[in-house]
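In what follows, a single structure is set out as structure tokens and then discussed.
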Amino acid sequence: MASLPNGLPIVSDRRASPLPALGALVAGAAAVLGLLLAEQQWEVATLAIVGALALLIGGKLGWGEVIHRSATDHHRWITPVAWLTAALVIFGLREHNFELLMLCTVMLYMVAGLGLTVQFGYTGVVNFAAAAFMGVGAYTAAVLLLHTGLPHVLVILAGGLVSAVIGSVLLLPLLRTRGHYAALITIAFGILFRTFLEVNDTLGGPQGLKVPGMEWFGLVFNDAIEIDDETEWSFYLRYAGLCLVLLFFAYHFVRRLERSWLGLSLDAVRLDETAASAFGLNGAAWKIVAFSIGNFLAGMAGAVYAMVTAFIAPASFTFGDSLILVSIVILGGLGNPLGLLPAALIVVVLPEKLQVIQEYRFLLFAALVIAILLVRPGGLIPRRARDYFPGAGGR
Amino acid sequence: MDLALIAQHLVNGAMLGVIYALVAVGFTLFFGVLDVIKFSHGDVVMLGAFTALATSAGLVGSGSALPPAIVLAAMFIAAVGGMAVFGALMAKFLVLPLRKAPTLNVLLITLMAGTVIREAVRLFYPQGSNPKPFPRLLPTGAWEIGEFTLRYDSTILLVTGVVAIVLVHLVITRTRLGLAIRAVAQDPETASAMGIPFHGTVLATFAIGSALAALAGVVNGLYYSEVSFNMGLLLGAIGFSAAVIGGLGNVYGAILGGFIFAALQTIGAVLLPIASAYKDVFAFAAVILLMAWKPGGLLAERSADRV
């Protein structure tokens with residue numbers, strides 16, 4: 001973009017064309033579908049190379065800026081279209097069990113990632129136990145589903161609530177420490193939680209628990225969907241819809257939070273707690289808010305995860321899984337909810353898809369993340385400054 | 001509980017303490033000079049143990065009947081030297097390039113480097129995915145003092161670890177290199193202005209820390225007679241906990257932290273009425289409480305914040 005001598009960009013009065021945003025949307029949907037449906041290794045490899053090239057060339061040519069302007073100028077209808085596209089992608093996968101399950105995992109990791117975004121993207125409260133908080137939600141859901149008749153929608157909420165409450169145990173040490181010291185507290189909690197589950201027999205021990213499926217007003221989620229004699233849709237279709245709804249609410253909640261004065265306060269606390277308190281912001285209070293919101297989201301994601309996978313075990317909520325969640329958030333671009341999608345796809349789906357080189361996939365995946373961090377330290381889609389008047393074109 | 005049993009637990013605890021302290025010192029040294037946490041440190045411990053294992057396998061496999069002492073010496077030299085070089089290389093190519101990036105990025109990149117190391121060992125070491133027996137090269141006898149038996153090998157390992165810790169202490173306090181490390185830790189810019197080579201000092205620090213990690217790995221292997229590719233993750237987390245309990249940046253704090261963590265685990269295993277399986281739960285819960293009580297670690301580095 002050209003700029004004036006004083007460095008300010010020249011902003012045109014005209015609204016940007018919606019085409020770049022729509023193009024990005026179509027390309028994104030195609031990439032998701034392609035990645036999920038690719039069966040040959042060369043297909044996955046081609047997709048990965050095309051994606052990397054698009055990132056490199058697009059970065060040089062400033063595509064990100066063009067797409068961003070186009071999307072914000074038309075955000076009123078681009079956003080619903082984007083969600084509609086997501087629903088269509090899910091519907092397009094209606095006969096593919098495994099792919100839908102992976103997509104569910106991606107969406108739930110994104111919900112937990114949104115929680116982490118609030119925690120350390122906005123407020124700077126580190127959390128290296130996100131998987132443990134998902135685990136709290138999952139085990140809460142499992143116990144409630146097995147032993148009570150609570151409506152299942154409430155079970156999901158309960159998973160989030162219990163997770164937030166258990167997280168509050170860590171608040172006192174967390175508020176007194178900062179930086180790496182705070183990181184240690186969450187790491188210790190993550191390891192503690194996993195070890196606790198493994199040795200605790202009432203919660204199934206290392207073997208884990210079987211979780212009944214979701215029911216909603218008589219609709220049994222685990223029943224197969226038979227359309228006619230020949231076609232049968234995967235029962236994961238309903239779960240994918242549920243995950244999408246959860247993701248929808250979580251995403252817009254976090255976005256609204258960021259835009260509101262609450263988000264502004266959270267950012268202020270992260271950037272300089274002392275300065276923020278000089279302006280009358282209570283740093284401790286905002287950290288409590290952010291930590292609880294984040295754990296609530298992670299807990300809900302965990303509760304749905306338990307229902308989707310129908311089986312939970314301590315091995316699903318290890319310190320390593322927490323680190324995977326942290327990598328998703330940093331890889332996507334810390335503080336940018338939109339970056340979670342490509343990051344979660346890379347982290348969750350890519351290793352699954354590189355099955356032929358199965359043995360080497362974690363090695364390659366880790367090397368890939370190192371490469372991305374060295375080339376793009378801000379993550380795939382770095383966070384932008386707030387745009388309070390989207391569509392105003394900067395006027 | 002009789003005295004002999006208590007002594008037995010003391011020796012076990014001290015052994016663990018030495019291993020943890022060796023790992024924790026690395027964490028605290030890296031944090032001192034660069035303000036970073038290198039999360040692949042636990043995997044460097046593991047890699048050190050495997051380097052030693054490969055060396056012994058190579059020496060024994062070559063058919064020559066070498067005395068155990070020489071094999072052992074070769075193992076130690078290969079592991080410690082190899083990891084020193086490896087640590088310096090990691091600092092040069094992964095940590096230093098990210099000096100200006102947010103600390104979380106450094107954390108993530110070293111974490112991923114740890115995964116690369118772990119996976120590489122699992123894949124490329126012959127049958128690396130199974131736990132490997134570590135050769136028992138130390139004398140096997142034991143002193144019997146009443147009910148209490150003190151094995152020769154644990155005594156040797158204990159002494160080795162303590163000597164290593166004392167050596168680090170001497171290097172840090174008595175040598176020019178130690179002076180440079182302390183200067184860079186205090187203020188890198190002023191240190192550079194005084195003619196201390198920043199990069200060289202950082203690389204040397206990483207070499208020392210990684211050499212200690214290798215030593216911890218070999219000691220760990222000789223003590224338990226078994227190593228596996230994924231032993232690094234928990235050891236790394238424990239070493240990090242120990243360094244933080246003591247106060248990051250403080251070498252004595254790290255040593256203290258290592259022994260405290262070992263003590264917590266031992267106490268958890270011995271005294272908890274339920275089951276010793278809860279010993280890690282107990283130890284990590286105690287760490288959380290300890291942090292709530294002393295947020296900056298027991299030997300806190302600084303008392304005031306710069307605003």
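Throughout, a chain's letter reflects where its sequence line sits, starting with A, and its residues are numbered from 1.
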Structural part of A/Leu170 lying under 4.5 Å from a heavy atom of chain B: side chain
Quick one: which of B/Ile109, B/Thr115, B/Leu94 has the most heavy-atom pairs under 4.5 Å with chain A, could you say? B/Ile109
With a 4.5 angstrom heavy-atom cut-off, is it the side chain or the backbone of B/Leu290 that approaches chain A, or both, or neither? neither
Aromatic rings A/Phe128 and B/Phe39: how do their planes relate, parallel, tilted or perpendicular, breaks at 30° and 60°? tilted
Greatest number of heavy atom pairs closer than 4.5 Å to chain A - which of B/Leu233, B/Leu111, B/Val244: B/Val244
Looking at A/Ile370, A/Thr177, A/Leu323, A/Thr186, which has the largest count of heavy-atom pairs under 4.5 Å with chain B? A/Ile370
Measuring heavy-atom distances to chain B, does A/Leu175 have an atom under 4.5 Å in its side chain, in its backbone, in both, or in neither? neither
Between A/Arg383 and A/Asp267, does any side-chain N to carboxylate O distance fall below 4.0 Å? yes
Does any heavy atom of chain B fall under 4.5 Å from the side chain of A/Ile187, the backbone, both, or neither of them? side chain
Are any non-hydrogen side-chain atoms of B/Leu53 and B/Tyr125 less than 4.5 angstrom apart? yes
Just checking B/Phe30 against B/His41, ring centres under 6.0 Å apart? yes
Taking C-beta and beyond as the side chain, do B/Ile117 and B/Met46 meet within less than 4.5 Å on heavy atoms? yes
I'd like to know if the side chain of A/Arg176 and the backbone of B/Ala292 have a donor-acceptor N/O pair within less than 3.5 Å. yes
Quick one: what part of A/Phe189 sits under 4.5 Å from any heavy atom of chain B, side chain, backbone, both or neither? both
